> 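Dumping the structure here so I can ask a few things about it.
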Amino acid sequence: SMSADTTDETSKGSTVTDDIIRLSAAEMASKLGDGSLTSVELTQAHLDRIAAVDGDVHAFLHVNAEEALATAAQVDADRAAGKTLHPLAGVPVAVKDVVTTKGQPTTAGSKMLEGWIPPYDATIVTKLRAAGMPILGKTNMDEFAMGSSTEHSAYGPTHNPWDLERIPGGSGGGSAAAVAAFEAPLAVGTDTGGSIRQPASVTGTVGTKPTYGGISRYGLIAMASSLDQAGPCTRSVLDAALLHDVMGGHDGMDSTSIDAPVPPVVEAAKRGDVSGMKIGIIEQLDGEGYQSGVKARFDEAVAALVDADAEVVTVSCPSFEQALAAYYLVMPSEVSSNLAKFDAMRYGLRVSPEGVEAPSAEQVMAASRDAGFGSEVKRRIILGTYALSSGYYDAYYGQAQKVRTLIARDFAKAFETADVLVSPTCPTTAFKLGEKLEDPMAMYLNDVATIPANLAGLPGMSLPAGLSDDGLPVGFQILAPATKDERMYEVGAALEKALEKTWGGPLLAKAPALKENN
Ligand code: GLN
């Protein structure tokens with residue numbers, strides 16, 4: 001209906017904009033570098049796209065056009081003045097709303113933090129700003145990063161750009177959908193049990209969780225501190241490597257930060273050479289029992305790697321059968337501790353209990369936490385408090401920590417025979433909004449293949465493997481040993497090259513809902 005009264009000139013104009021936003025971030029950077037594009041044009045094109053489609057997608061909780069355009073104008077001026085700039089200077093980025101941004105709202109998808117304006121930037125935001133990357137806004141997420149569908153956001157769900165009736169994954173559905181809908185070329189996510197990789201899987205995008213400690217956690221609103229890790233959400237493996245490289249590196253503000261240079265991820269992504277590499281298929285996660293199209297695309301992707309001269313072996317990780325159960329003890333335990341700080345005394349929501357005259361601090365805390373937290377967050381706080389309580393600690397938390405050690409040993413053994421390990425990222429493609437909302441266990445099962453990497457602190461990537469029988473994207477997961485992040489980029493780039501040849505270009509070009517939105 002919109003095209004009916006559009007003149008030739010404006011449709012030409014929108015085609016140019018449309019072309020710009022569909023480039024990879026690497027291509028955008030090179031156009032900025034050779035002067036054929038300005039950052040203001042590029043940033044404005046994304047803001048226009050957000051205005052056009054985000055009413056349907058709802059990837060953003062907050063858009064900061066003014067600040068993004070100011071950064072863009074500054075970068076353009078610096079470039080014109082001949083200053084040396086970061087390779088990604090002027091390329092815009094979206095940031096998950098669990099990452100603090102000075103002067104900009106940060107809610108973590110919760111009513112508890114509605115209206116909170118952080119007084120400081122997370123280290124990764126400081127790094128994005130230092131590189132001259134305009135920050136478009138903050139992306140939607142499950143409350144405090146708990147969920148697999150973004151339906152637990154207190155501000156309403158995000159919709160999958162492939163089919164607006166379906167989930168975009170979670171908790172970082174907003175970041176993945178923003179990238180899939182061409183509202184942002186790059187986005188930041190966080191992954192505690194799969195929240196970068198599972199959304200990437202169901203939106204046909206690339207998501208990587210670096211080695212634990214590879215990217216600073218300072219300024220991330222903590223979910224489970226021993227599992228949380230920030231990472232890139234992008235449309236290509238090289239773009240993921242470029243964003244990883246900007247955000248990574250040692251940070252004295254994070255006591256678990258790795259004191260070593262960022263692994264050579266960009267070089268690996270540019271090379272994409274798997275000849276002679278050993279690819280290990282994890283027997284316990286080889287797609288048996290998964291949706292049939294998921295298994296078929298996984299097997300084809302493995303065959304494509306063999307065609308590219310990789311060698312395939314099968315590895316056994318028996319303790320992975322207990323990974324989900326261990327995660328749902330360790331994670332809620334840490335959640336119950338981390339979320340204790342939302343006490344209505346220092347910042348965030350404060351609610352007075354009804355009908356109580358001169359309420360005590362405890363009564364205000366209880367009323368505020370009751371009103372501020374959603375049901376999934378409460379479920380986990382209660383579970384974690386129980387698991388940590390005296391008399392139960394050894395039986396639950398202690399046992400789960402032992403399983404964690406066994407999982408790390410399984411990985412160590414598997415990496416004696418394989419350079420990387422692979423599996424489907426998720427058992428299914430994107431399910432319908434509402435389908436699993438009333439069934440927490442069904443929701444939790446989404447992360448059966450992603451959780452082991454968090455429990456062991458290893459890096460993992462999900463990239464598109466093609467479309468299932470239902471026409472929806474399937475994700476392929478690559479896991480590497482700790483601090484060897486470059487290996488997953490090497491294999492991911494090789495697989496992307498091989499599969500895009502068979503698709504005739506990027507998978508996202510096939511997304512039907514996006515075409516309707518143009
Ligand atoms: N879906 C998982 C959960 O609900 C993972 C969340 C995450 O990685 N932040 O816990």
Side-chain angles (χ1 to χ4, degrees), residues 95-99 107-110 139-153 157-158 167-176 187-203 207-210 212 215 217 220-233 323-336 338-339 373-384 387 400 425-428 430-431 435-437 439-462 475 477 479:
V95 177
K96 189 177 178 181
D97 206 30
V98 75
V99 182
T107 66
S110 181
T139 60
N140 198 13
M141 54 181 286
D142 286 296
E143 185 176 7
F144 289 107
M146 301 177 202
S148 300
S149 68
T150 320
E151 293 169 293
H152 294 310
S153 168
T158 297
I167 61 107
S171 63
S175 282
V188 177
T190 61
D191 191 311
T192 301
S195 286
I196 290 174
R197 290 163 288 158
Q198 181 258 5
S201 179
V202 300
T203 59
T208 64
K209 181 201 95 69
Y212 180 77
I215 292 181
R217 286 186 298 111
L220 266 52
I221 297 171
M223 177 181 167
S225 309
S226 76
L227 305 165
D228 297 344
Q229 188 54 216
C233 307
L324 196 69
Y327 173 80
Y328 275 95
L329 286 169
V330 172
M331 175 273 297
S333 296
E334 295 187 21
V335 158
S336 71
N338 276 325
L339 270 58
F373 289 141
S375 58
E376 183 62 27
V377 171
K378 285 177 184 159
R379 181 179 295 126
R380 297 192 193 198
I381 291 173
I382 291 167
L383 185 61
T425 311
C426 306
T428 70
F431 47 92
E435 195 179 315
K436 299 188 180 175
L437 199 50
D439 186 353
M441 277 306 288
M443 190 76 89
Y444 298 168
L445 281 168
N446 272 282
D447 294 317
V448 64
T450 49
I451 278 170
N454 300 82
L455 288 171
L458 307 187
M461 166 187 289
S462 178
Q477 179 174 239
L479 305 170

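Whatever order the structure lists them in is the order used to number ligands and atoms, beginning at 1. The shown structure was predicted, so the numbers you read here are calculated from the model rather than taken from an experiment.
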> Considering only heavy atoms, which of Met331, Arg380, Lys209 lies nearest to atom 4 (O) of ligand 1?
Arg380
> Need the ligand 1 atom indices (1-based, order shown) with element for anything under 4.0 Å from a heavy-atom of Gly193.
5 (C), 7 (C), 8 (O)
> Under 3.5 Å, is there a donor on one side chain and an acceptor on the other for Arg217 and Gln229?
no
> Gly170 to ligand 1: N or O pair under 3.5 Å?
no
> Any atoms of ligand 1 less than 4.0 Å from a non-hydrogen atom of Ala145? List them with their elements.
6 (C), 7 (C), 9 (N)
> Taking atom types as modelled, find out whether Ser153 and Asp142 have a side-chain donor-acceptor pair closer than 3.5 angstrom.
no
> If I apply the N/O under 3.5 Å rule, does Asp191 come out as touching ligand 1?
no
> Go through Ser225 and Asn338 one step at a time and tell me if the side chain to side chain donor-acceptor pair (under 3.5 Å) criterion holds.
CA-CA 8 Å; Ser225 309; Asn338 276 325; 3.1 Å; yes
> Please report which non-hydrogen protein atom sits nearest to atom 5 (C) of ligand 1, along with the residue it belongs to and the distance in Å to one decimal place.
Tyr327 OH, 3.3 Å
> Is it the side chain (CB and beyond), the backbone, both or neither of Ser171 that lies under 4.0 Å from ligand 1, heavy atoms counted?
side chain
> Show me which atoms of ligand 1 lie under 4.0 Å from any heavy atom of Ser148.
1 (N)
> Return a yes/no value for Met146: is any of its N or O atoms, backbone included, closer than 3.5 angstrom to an N or O of ligand 1?
no
> Considering non-hydrogen atoms of the protein only, which is the closest contact for atom 2 (C) of ligand 1, and what is the distance?
Asp447 OD2, 2.9 Å
> Have Asp447 and Ser148 got a donor and an acceptor in their side chains that come within less than 3.5 Å?
yes
> Given side chains that start at C-beta, do those of Ser149 and Phe431 come closer than 4.5 Å, heavy atoms only?
yes
> Parallel, tilted or perpendicular: which describes the rings of Phe144 and Phe373, with under 30° parallel and over 60° perpendicular?
perpendicular
> Considering heavy atoms of the protein only, find what lies nearest to atom 7 (C) of ligand 1 and give residue, atom and distance to 0.1 Å.
Ser195 OG, 2.3 Å
> Tell me, please, which residues at least two apart from Ser226 pass side chain to side chain donor-acceptor pair (under 3.5 Å).
Glu334, Arg404
> Would you check whether Lys96 has a nitrogen or oxygen atom less than 3.5 angstrom from a nitrogen or oxygen atom of ligand 1?
no
> Give the atom numbers and elements of ligand 1 that come within less than 4.0 Å of a heavy atom of Met223.
9 (N), 10 (O)
> Side chain to side chain donor-acceptor pair (under 3.5 Å) with Thr139: which residues, sequence neighbours excluded?
Ser175
> So does Gly173 get a backbone contact from the side chain of Thr150, meaning a donor-acceptor N/O pair under 3.5 Å?
yes
> Taking the non-hydrogen atoms of Tyr328, is any one of them nearer than 4.0 angstrom to ligand 1?
yes
